[in-house]
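Below is one structure, written out as structure tokens, with a few remarks after it.
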Amino acid sequence: MSISYGFILILVGCCLVTAIPRMLPFLVMRNMQISESVLKWLGYIPLCIFSALVIESFISNGVQGFQVHWLELIAVIGTLIIALLTRSLLWTVILGVVMMALLRLIF
């Protein structure tokens with residue numbers, strides 16, 4: 001298998017396109033001071049993104065409007081209960097995946 005010059009250019013270009021947007025904000029913000037209120041507000045962003053991903057997994061917008069996927073909703077509620085009881089990310093993920101697999105196997 002030979003690697004062409006064009007392939008190397010595409011690979012380097014993909015690396016740059018991926019790396020620059022991830023590093024540029026850190027380079028721009030490294031000498032700036034951010035107020036406490038902005039830092040507090042930024043602290044909510046991961047929770048909002050995670051919530052949007054979870055909610056998107058069991059609610060969708062279909063032809064007849066919003067549709068609830070009941071198996072996924074049951075798995076999310078069960079996983080939330082496991083997370084609250086164990087306070088362990090490892091057990092939450094493992095038991096959540098097992099719960100979803102069993103629900104899909106049964107139903």
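All heavy atoms count here, side chains included; hydrogens, waters and symmetry mates do not.
- Both Phe66 and Ile77 are members of a single hydrophobic cluster when ILVMFWY side chains are connected at heavy-atom separations under 4.5 Å.
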Donor-acceptor pairs under 3.5 angstrom involving side-chain atoms of residues 29-47: please list them, not counting sequence neighbours.
{"from": "Ser35", "atom 1": "OG", "to": "Ser37", "atom 2": "OG", "distance (Å)": "3.3"}
{"from": "Ser35", "atom 1": "OG", "to": "Val38", "atom 2": "N", "distance (Å)": "3.4"}

Identify every side-chain donor-acceptor pair in residues 52-63 under 3.5 Å, counting partners at least two apart or on other chains, and give the distances.
{"from": "Ser57", "atom 1": "OG", "to": "Val54", "atom 2": "O", "distance (Å)": "2.5"}
{"from": "Ser60", "atom 1": "OG", "to": "His69", "atom 2": "NE2", "distance (Å)": "2.9"}

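- Considering all non-hydrogen atoms of both residues, Arg104 and Glu72 come closest at NH2-OE2, 3.4 Å.
- Note: the hydrophobic cluster containing Val76 does not contain Ile82 (ILVMFWY, side chain heavy atoms under 4.5 Å, direct or indirect links).
- When the side chain to side chain contact (heavy atoms under 4.5 Å, CB included) test is applied to Leu103, the partners found at least two apart in sequence or on another chain are Leu71, Ile74, Ala75, Met99, Phe107.
- Here CD1 of Ile3 is found 8.5 Å from CG of Leu11. Values are rounded to the nearest 0.5 Å.
- The shortest side-chain heavy-atom distance between Thr92 and Thr79 falls under the 4.5 Å cut-off.
- Linking ILVMFWY side-chain heavy atoms closer than 4.5 Å, directly or via other members, places Leu89 and Leu84 in two distinct hydrophobic clusters.
- Taken together through direct or relayed side-chain contacts under 4.5 Å among Ile, Leu, Val, Met, Phe, Trp and Tyr, Val12 and Phe7 form part of one hydrophobic cluster.
- Distance check: Ser88 OG to Leu95 CG gives 9.0 Å after rounding to the nearest 0.5 Å.
- Cluster membership check: Ile81 shares its hydrophobic cluster with Leu73, using side-chain heavy-atom separations under 4.5 Å among Ile, Leu, Val, Met, Phe, Trp and Tyr.
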